[in-house]
Amino acid sequence: MKKTLLTLSLVAAPWAASAQGNDITIPFINMDLRPACDSTVTEVPDNSNWKFTEAYVFKLNSANGFVESLLMYDTNKVNTFRINFIYSGGKATQATTNVNMGGNMLAFSNTYFTYDANNRVIRETMITNIPVTDTSEMYEYTYDGSGKMTQHIRSKKESGTLEFTDKETFTYNGAGLCDKASR
């Protein structure tokens, strides 16, 4: 299965409808786009019944299959956030996260993507739209010669200073599968 990195508060790769089946990772969220599915619903057992816990709904562009938006619904089936994507040259260039604030969807942050010559995301810069604080985050990725991610560094800016907050390092086994992630 081809892996597509999606970290961020979001997403950083053009997904085509034909590419469904790729894993998508959003911080603290790991989901699997199943073939021909545009949504995923999680339910858990509760007193011999299945109880809804969350759902993700993907809106695909009918012309190119790119994901135009991702909606997340919580336990109460309330749309808690929506991420809208902008593409240029077949690549996601910006993602805007909208958060449900008292029944209104408000733009919370914008994320911008930087690619290397091999069309791999090497930087995601997220700017939070909160007027009372100056916050932003940056995620940087490095890859080995075969295109496998070897490192992920997160930095956070608060009150004007960008500081490294954590780093993950990935190692691979002889079969090329990630067998260790150190943080």
Side-chain angles (χ1 to χ4, degrees), residues 1-35 38 56 58-61 63-70 72 81-98 107-129 134-158 160-183:
M1 177 188 314
K2 180 185 171 196
K3 297 282 184 177
T4 302
L5 169 72
L6 259 194
T7 300
L8 147 107
S9 32
L10 326 278
V11 180
W15 307 308
S18 61
Q20 288 185 0
N22 290 348
D23 287 343
I24 295 177
T25 303
I26 298 174
F28 315 113
I29 301 169
N30 189 10
M31 63 191 101
D32 200 1
L33 287 181
R34 312 260 180 229
D38 60 5
Y56 297 90
F58 301 87
K59 180 183 177 190
L60 300 175
N61 182 294
N64 57 25
F66 288 166
V67 174
E68 288 183 359
S69 65
L70 161 62
M72 189 274 185
F81 73 79
R82 181 182 72 239
I83 303 168
N84 297 324
F85 302 94
I86 296 173
Y87 295 87
S88 177
K91 294 183 262 186
T93 57
Q94 181 179 341
T96 301
T97 302
N98 300 278
F108 178 77
S109 66
N110 287 302
T111 301
Y112 303 91
F113 305 103
T114 304
Y115 295 84
D116 66 10
N118 296 312
N119 291 324
R120 295 178 297 218
V121 175
I122 56 172
R123 182 176 299 122
E124 298 174 35
T125 305
M126 181 176 75
I127 300 170
T128 305
N129 301 326
D134 176 17
T135 61
S136 63
E137 292 186 45
M138 185 166 60
Y139 300 87
E140 296 180 284
Y141 309 97
T142 55
Y143 304 86
D144 64 14
S146 62
K148 292 182 177 68
M149 183 186 301
T150 56
Q151 199 169 79
H152 164 226
I153 298 174
R154 176 179 177 247
S155 305
K156 188 167 185 169
K157 179 181 179 184
E158 289 191 24
T161 305
L162 190 63
E163 298 177 359
F164 293 114
T165 57
D166 59 79
K167 174 175 76 170
E168 290 179 294
T169 303
F170 307 97
T171 57
Y172 299 85
N173 63 23
L177 301 173
C178 182
D179 64 354
K180 188 184 289 183
S182 303
R183 189 172 193 144

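The structure displayed is predicted, hence computed values, not measured ones. The basis for the numbers below is simple: all heavy atoms, side chains too, and nothing from hydrogens, waters or symmetry mates. Index from 1, following the sequence.
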Problem - Between OH on residue Tyr139 and CG on residue Asp166, distance to nearest 0.5 Å - result: 8.0 Å
Exercise for the section: Could you tell me the separation between the CD atom of Glu140 and the OG1 atom of Thr114, rounded to the nearest 0.5 Å? Expected result: 9.5 Å
Practice task
Find the distance between CZ (Arg154) and CD (Glu124) and round it off to the nearest 0.5 Å.
Solution key: 12.0 Å
Exercise for the section: Would you please name every residue forming a side-chain hydrogen bond (donor to acceptor under 3.5 Å, both in side chains) with Asn84, sequence neighbours left out? Expected result: Arg82
Handout entry: Separation between OG1 of Thr96 and CZ of Phe108, rounded to the nearest 0.5 Å
Key = 12.5 Å
Problem - Donor-acceptor under 3.5 Å (Asp116 side chain, Asn118 main chain) - result: yes
Handout entry: Nearest-0.5 Å distance, OG1 of residue Thr111 to CD of residue Glu137
Key = 9.0 Å
Practice task
Measure across Phe170 and His152 and return the closest heavy-atom pair with its distance rounded to 0.1 Å.
Solution key: CE1-CB, 4.0 Å
Practice task
Decide yes or no on side-chain contact (heavy atoms from CB on, under 4.5 Å) for Glu168 and Tyr141, but give the supporting numbers first.
Solution key: CA-CA 10 Å; Glu168 290 179 294; Tyr141 309 97; over 6 Å; no
Problem - Smallest separation among heavy atoms of Ala107 and Asn98, with atom names - result: CA-OD1, 3.4 Å
Handout entry: Under the side-chain hydrogen bond (donor to acceptor under 3.5 Å, both in side chains) test, residues paired with Lys59 that sit two or more places apart
Key = Glu68
Exercise for the section: Please report the closest heavy-atom contact between Tyr143 and Ile122, naming both atoms and the distance. Expected result: CE1-CG2, 4.1 Å
Practice task
Compare every heavy atom of Tyr115 with every heavy atom of Asn119, then report the nearest pair and how far apart it is.
Solution key: O-CD2, 3.6 Å
Problem - By side chain to side chain contact (heavy atoms under 4.5 Å, CB included) - contacts of Ile153 (at least two apart) - result: Gln151, Ser155, Phe164, Lys167
Handout entry: side-chain contact (heavy atoms from CB on, under 4.5 Å) partner of Gln94, the single match among Phe113, Tyr112, Phe85
Key = Tyr112
Problem - side chain to side chain contact (heavy atoms under 4.5 Å, CB included) involving Ala117 - partner list, sequence neighbours excluded - result: none
Completion exercise
Taken in chain and number order and not counting sequence neighbours, the residues that satisfy side-chain hydrogen bond (donor to acceptor under 3.5 Å, both in side chains) with Ser146 are Asp144
Practice task
Could you list the residues that satisfy side-chain hydrogen bond (donor to acceptor under 3.5 Å, both in side chains) with Thr150, not counting sequence neighbours?
Solution key: Thr142
